[in-house]
Amino acid sequence: MASSESSESYGPSAPPASMFDSMPGYEGTVAGGGGFLPPPVPAFPVPQPVPGPEQPHWNIPSITEDIARDAFIQFASNKCCYSSGPAKDGVITHMEAFNTYRYRLETFTETRSTEWSHEPYNGQPVDAYVQPPPGPWEIPARTPNFFVDDKQMIKVPYTSSVKNCHECLGMGRRPCKECTGTGSKLCWVCNGSGFKGSDRCHHCNGRGRNNCISCSGQGSRKCDTCRGKAQLLVFINLTVKWTNNSNDYVVEQLSGLQMNKLSKVSGKELYRDSQYMVYPVIGFPNPDVMQAAQRLVNDHQVKFSQTSRILQQRQTIELIPITKVTYTWKGKSHIYFVYGNEFEVNADDYPATCCCTVM
């Protein structure tokens with residue numbers, strides 16, 4: 001029990017607050033992160049959104065019977081327990097189109113957060129108090145690719161100082177956990193007696209103990225935190241995150257196909273508008289799409305403008321083709337759906353399945 005308690009006492013400890021200097025503009029920064037920093041109020045008026053371009057009128061023709069059958073055959077061939085009979089030999093009796101719209105709003109944001117960090121000191125520049133550090137939103141970051149998640153870590157200038165390592169108290173080494181700092185461990189062959197029966201133990205040469213392999217008998221090991229350097233460079237780390245926040249709205253359709261199936265397919269893009277902040281879609285023939293656009297644009301502006309900087313928004317409308325196919329096989333009627341540009345198939349009542357076991 002004593003050995004276990006000693007080992008735990010050598011575990012990593014949190015850096016003391018005294019390690020971190022008070023930096024103007026970063027007083028709330030702590031180790032482990034201080035939360036997201038709200039962006040400053042823009043110095044100049046932000047560009048106002050303008051209505052997007054008028055959408056053309058697209059007419060997506062219904063798929064042919066050959067396409068519907070080929071998609072069905074491909075669907076059945078990818079199922080190990082499905083017979084190909086219904087897909088190949090079923091007679092298509094009716095095809096009905098149930099095209100639907102999907103509205104998508106993407107808001108590309110930048111957030112910034114700070115935390116105190118440290119790394120082994122190897123002679124890096126020390127610049128704390130040379131001059132006041134720039135504010136977290138004044139530090140230049142790389143130019144992001146719009147609508148692609150990314151992250152960048154930046155050392156805040158004029159916050160770096162050198163401190164003794166808090167883990168090893170500036171010694172560069174810490175007591176070995178395996179031998180609790182003694183440099184040797186009880187011989188497991190003779191259990192510390194020095195003898196095996198009446199003979200002297202050959203494993204420990206009669207000493208009853210062996211040198212600790214972990215520390216080579218020294219009783220201490222190089223400190224992992226400072227890597228034996230005894231000192232740490234302490235600085236404020238700025239994390240810049242770019243996030244593409246996306247929400248979809250799919251207009252309800254009465255085909256019978258579950259709505260969640262549509263999330264994995266693409267449609268024909270009818271409309272695209274990308275600018276600093278978009279204007280809700282107007283003049284679209286489906287009122288549900290216009291209402292969804294108004295609601296999502298308002299929601300995104302309220303949700304993201306308080307904690308992040310909005311860099312760009314994009315809204316799109318897709319027409320997702322859905323075809324409900326009715327067919328007969330062995331005198332009974334069944335249905336399946338072909339949907340999306342990928343011609344995905346959903347057939348919940350496929351009539352020829354079997355149980356198979358994967359060995």
Donor-acceptor pair, [X] side chain versus [Y] backbone, under 3.5 Å?
X	Y	answer
Asn211	Gly217	no
Thr159	Ala128	no
Asp149	Asn244	yes
Ser117	Phe235	no
Trp137	Leu37	yes
Arg112	Val240	no
Arg221	Lys177	no
Arg209	Ser184	yes
Ser160	Val126	no
Gln74	Ala71	no

Crowded around [X] [atom1]? As in, over 12 foreign heavy atoms under 6.0 Å?
X	atom1	answer
Lys155	NZ	yes
Ile67	CD1	yes
Met259	CE	yes
Arg295	CZ	yes

Not counting sequence neighbours, which residues clear ring pair (Phe, Tyr, Trp, His ring centres under 6.0 Å) with Phe343? List them please.
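Partners of Phe343 under the ring pair (Phe, Tyr, Trp, His ring centres under 6.0 Å) test: none.
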
State whether [X] and [Y] are salt-bridged, where the test is any N-O pair (Lys NZ or Arg NE/NH1/NH2 against Asp/Glu carboxylate O) under 4.0 Å.
X	Y	value
Lys261	Glu344	no
Asp21	Lys163	yes
Arg102	Glu318	yes

Do [X] and [Y] make a side-chain contact, defined as non-hydrogen atoms from C-beta onward lying under 4.5 Å apart?
X	Y	value
Tyr101	Val250	no
Lys241	Glu110	no
Cys176	Ser214	yes
Val148	Trp242	no
Ser77	Ser84	no
Arg314	Val278	no
Gln313	Ser274	no
Met171	Cys223	no

Indicate if [X] and [Y] have the same hydrophobic cluster label, given that clusters are the connected sets of ILVMFWY residues with side-chain heavy-atom separations under 4.5 angstrom.
X	Y	value
Trp116	Leu233	no
Leu296	Val251	yes
Trp329	Tyr82	yes
Phe75	Ile92	yes
Met290	Leu319	yes

Can you confirm whether the side chains of [X] and [Y] place a donor and an acceptor under 3.5 Å from each other?
X	Y	answer
Ser333	Thr328	no
Glu119	Gln124	yes
Tyr103	Gln315	yes
Thr316	Glu269	no
Glu96	Thr323	no
Ser220	Arg173	yes
Asn245	His300	no

Apply side-chain contact (heavy atoms from CB on, under 4.5 Å) to residues Phe20 and Thr29 and explain how you reach the verdict.
CA-CA 9 Å; Phe20 308 129; Thr29 301; over 6 Å; no

Taking atom [atom1] of [X] and atom [atom2] of [Y], what is their separation to the nearest 0.5 Å?
X	Y	atom1	atom2	result
Asn247	Glu106	CG	CD	10.0 Å
Leu169	Arg174	CG	CZ	8.5 Å
Glu252	Thr100	CD	OG1	8.0 Å
Lys324	Ser255	NZ	OG	7.0 Å
Asp224	Cys165	CG	SG	10.0 Å
Gln294	Tyr279	CD	OH	7.5 Å

Begin with the C-alpha distance, continue with both residues' side-chain angles, and end with the deciding distance and a verdict on side-chain contact (heavy atoms from CB on, under 4.5 Å) for Lys185 and Asn210.
CA-CA 5 Å; Lys185 301 179 69 174; Asn210 293 310; 5.8 Å; no

List the steps, then state whether side-chain contact (heavy atoms from CB on, under 4.5 Å) holds for Tyr339 with Val265.
CA-CA 8 Å; Tyr339 57 99; Val265 297; 3.7 Å; yes

Could you tell me whether Arg104 sits above the aromatic face of Tyr249, with NZ or CZ closer than 6.0 angstrom to the six-membered ring centre and within 45 degrees of the axis?
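That pair does not qualify as a cation-pi contact.
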
Taking the six-membered ring of Tyr121 as reference, does the cationic atom of Lys229 (NZ for Lys, CZ for Arg) lie under 6.0 Å from its centre and within 45° of its axis?
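Cation-pi check for Lys229 and Tyr121: fails.
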
Kindly determine whether Leu262 and Leu257 satisfy side-chain contact (heavy atoms from CB on, under 4.5 Å), including the steps that lead there.
CA-CA 9 Å; Leu262 302 180; Leu257 178 66; 3.9 Å; yes

Locate the shortest heavy-atom distance separating Ser308 from Pro39; write the atom from each residue and the value.
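Closest approach of Ser308 to Pro39: O-CG, 3.3 Å.
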
For residues Val156 and Pro134, report the shortest heavy-atom separation together with the two atoms involved.
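Scanning both residues completely, I find the closest heavy atoms to be CG1-O, 4.3 Å.
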
Evaluate Gln218 against Ser216 for side chain to side chain donor-acceptor pair (under 3.5 Å), listing each step before the verdict.
CA-CA 6 Å; Gln218 299 182 54; Ser216 302; 5.0 Å; no

If you apply the rule salt bridge (charged side-chain N to carboxylate O under 4.0 Å, His left out), what do you find for Arg142 with Asp150, and how did you get there?
CA-CA 10 Å; Arg142 65 168 173 261; Asp150 202 356; 3.1 Å; yes

Do the two ring centres, one from Tyr327 and one from Tyr336, sit under 6.0 Å apart?
yes

In chain order, what residues pass the side chain to side chain donor-acceptor pair (under 3.5 Å) check against Asn237, with sequence neighbours excluded?
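Asn237: no side chain to side chain donor-acceptor pair (under 3.5 Å) contacts found.
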
